[in-house]
Engineer: 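Pasting in a structure now, in structure tokens, and then I'll have a few things to ask.
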There are 2 protein chains.
Amino acid sequence: MNDTASMHAEILNAMAQPTRLKIIELLRDGERCVCEIFPAVGSEQSNTSRHLNMMLASGVLSRRKDGLKIFYAIKHPEVLEIVDLAARIMTHEITGRHKLLKAV
Amino acid sequence: MNDTASMHAEILNAMAQPTRLKIIELLRDGERCVCEIFPAVGSEQSNTSRHLNMMLASGVLSRRKDGLKIFYAIKHPEVLEIVDLAARIMTHEITGRHKLLKAV
DNA sequence: AGCCTATATGAGTATATAGTCATATATTAC
DNA sequence: GTAATATATGACTATATACTCATATAGGCT
């Protein structure tokens, strides 16, 4: 990343994908190892590993090694706040679109 | 979008790109027409139009027509909150990485 | 009507992304 | 040492994305 806009975007992008959102939701109540994460999100181990690594690189997740296992966790509380705010927008949008349908 | 995770991701994705972040920053203090937006963000008119349309479709922006001009605006206050929280994460990351460099 | 301005879109390209399968790299247990 | 487990990565594919240039569409003005 070079300028601040692309670093800023990179952080948001690390949350803006269905599998990555599932990972964040899973980590909401604490750290998990990769071996727990990939079956929980229903994705391959290799694919999950790539998502975890890019989320680590962009500062969304942190990790800790314990023997063979590597535990990933949400690095900043702001991550969950962002995900929750986006969920609120989604709710507004869904109810808004329902009203539009009713109006017809 | 089919499931909630992909709609959720779509909303975040509509902010997770440098040009789109610049658009959001520009609209922070009020609506602007496309003719004002594209020179301000330094992007082509056609490219800016596409970004604006996808941000509209995902519920991040709203638009209003006034004669020839179309004014885009931030649709939900949560959008700015999300952008600000991501900026805070970026700040934490930058200071954190500086500490790492100092420690070496 | 014709002309100008503002916005959107079709078509194309180059790059990025998410995904898979196979393999490499630890780390632990025996 | 070997075997087994956990994670990461190389190589590849298919699709998505951001972008450009040219053109279409629509509204206002004379």
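What you see is a predicted model, and the numbers here were worked out from it, not measured in a lab. Convention: sequence-line order gives letters A, B, ...; per-chain numbering from 1.
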Engineer: Starting from the 5' end of DNA chain C, give me the residue, A/Asn13 or B/Leu68, whose nearest nucleotide shows up first.
Structural biologist: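 This one resolves to B/Leu68.
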Engineer: Side-chain contact test, heavy atoms from C-beta onward, threshold under 4.5 Å: evaluate it for A/Lys75 versus A/Val60 and give yes or no.
Structural biologist: no
Engineer: Distance check: side-chain N/O of B/Arg20 vs OP1/OP2 of D/dA18, anything under 4.0 Å?
Structural biologist: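 True: B/Arg20 side-chain N/O within range (under 4.0 Å) of D/dA18 OP1/OP2.
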Engineer: Take atom CG of A/Asn53 and atom P of C/dT17, then tell me their distance rounded to the nearest Å.
Structural biologist: 15 Å
Engineer: Return yes if a side-chain donor-acceptor contact under 3.5 Å exists between A/His76 and A/Glu81, otherwise no.
Structural biologist: no
Engineer: Quick check: any donor-acceptor pair below 3.5 Å linking the side-chain of A/Arg50 to the base of C/dT20?
Structural biologist: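 Answer is yes: a donor-acceptor pair is held.
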Engineer: I'd like to know if A/Arg32 and A/Asp29 make a salt bridge, using a cut-off of under 4.0 Å between side-chain N and carboxylate O.
Structural biologist: yes
Engineer: Identify which nucleotide among C/dA6, D/dA18, D/dA8 has an atom closest to any side-chain atom of B/Cys35, counting heavy atoms from C-beta outward.
Structural biologist: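 Minimum distance to the B/Cys35 side chain belongs to C/dA6.
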Engineer: Looking at the side chain of A/Lys69, which of D/dT9, D/dC21, D/dT7 is the nearest nucleotide?
Structural biologist: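 Looking only at side-chain atoms, A/Lys69 lies closest to D/dT7.
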Engineer: B/Glu36 CD to C/dT5 C1': how many Å, rounded?
Structural biologist: 14 Å
Engineer: OP1 or OP2 of D/dC19 less than 4.0 angstrom from a side-chain nitrogen or oxygen of B/Thr19, does that happen here?
Structural biologist: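 Checking D/dC19 against B/Thr19, a side-chain N or O does come within under 4.0 Å of OP1 or OP2.
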Engineer: D/dC21 P sits how many Å from B/Asn47 CG, rounded?
Structural biologist: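 From B/Asn47 CG to D/dC21 P: 11 Å.
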Engineer: Take atom CE of A/Met55 and atom C1' of C/dT17, then tell me their distance rounded to the nearest Å.
Structural biologist: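 After rounding, the reported distance stands at 15 Å.
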Engineer: Shortest non-hydrogen contact from B/Ala16 to A/Ala16?
Structural biologist: CB-CB, 4.3 Å
Engineer: Calculate the interatomic distance between B/Arg32 atom CZ and C/dA6 atom P; express it in whole Å.
Structural biologist: 16 Å
Engineer: When you check the phosphate oxygens OP1 and OP2 of C/dG19, does a side-chain N or O of A/His51 lie under 4.0 Å from one of them?
Structural biologist: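 Checking A/His51 against C/dG19: at least one side-chain N or O falls below 4.0 Å of OP1 or OP2.
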Engineer: If I take atom CZ in residue A/Phe38 and atom C1' in nucleotide D/dT5, what distance separates them, rounded to the nearest angstrom?
Structural biologist: 11 Å
Engineer: Would a 4.5 Å heavy-atom cut-off, applied to side chains only, mark A/Arg50 and A/Met54 as touching?
Structural biologist: no
Engineer: Between C/dT7, D/dT7, C/dG19, spot the one nearest the side chain of A/Cys33, thanks.
Structural biologist: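 Looking only at side-chain atoms, A/Cys33 lies closest to D/dT7.
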Engineer: Between the side chains of A/Lys22 and A/Glu25, is the shortest nitrogen-to-carboxylate-oxygen separation below 4.0 Å, so that they form an ion pair?
Structural biologist: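 Here A/Glu25 does not pair with A/Lys22 in a salt bridge, since their nearest N and O are not under 4.0 Å apart.
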Engineer: Quick one: which of D/dT7, C/dT9, C/dA8 gets closest to the side chain of A/Gln45?
Structural biologist: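 So the side chain of A/Gln45 is nearest to D/dT7.
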Engineer: Roughly, in whole Å, what's the span from CZ in A/Arg64 to P in C/dT27?
Structural biologist: 15 Å
Engineer: So does A/Arg63 get a side-chain nitrogen or oxygen closer than 4.0 Å to the phosphate oxygens (OP1/OP2) of D/dA8?
Structural biologist: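 For A/Arg63, the contact criterion (side-chain N or O under 4.0 Å from OP1 or OP2 of D/dA8) is met.
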Engineer: Measure from CD on B/Gln17 to P on D/dA16 and round the result to the nearest Å.
Structural biologist: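 Rounding to the nearest Å, CD of B/Gln17 and P of D/dA16 are 18 Å apart.
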Engineer: Would you mind telling me which of C/dG10, C/dT20, D/dC19 lies closest to the side-chain atoms of A/Glu44?
Structural biologist: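 Per side-chain heavy atoms of A/Glu44, the pick is C/dT20.
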Engineer: Hey, is the side chain of B/Tyr72 poking within less than 4.0 Å of OP1 or OP2 on C/dA6, counting only N and O atoms?
Structural biologist: no
Engineer: For A/Lys65 and for A/Ser46, find the nucleotide of DNA chain C with the closest heavy atom, then tell me which residue's nucleotide is more 5'.
Structural biologist: A/Ser46
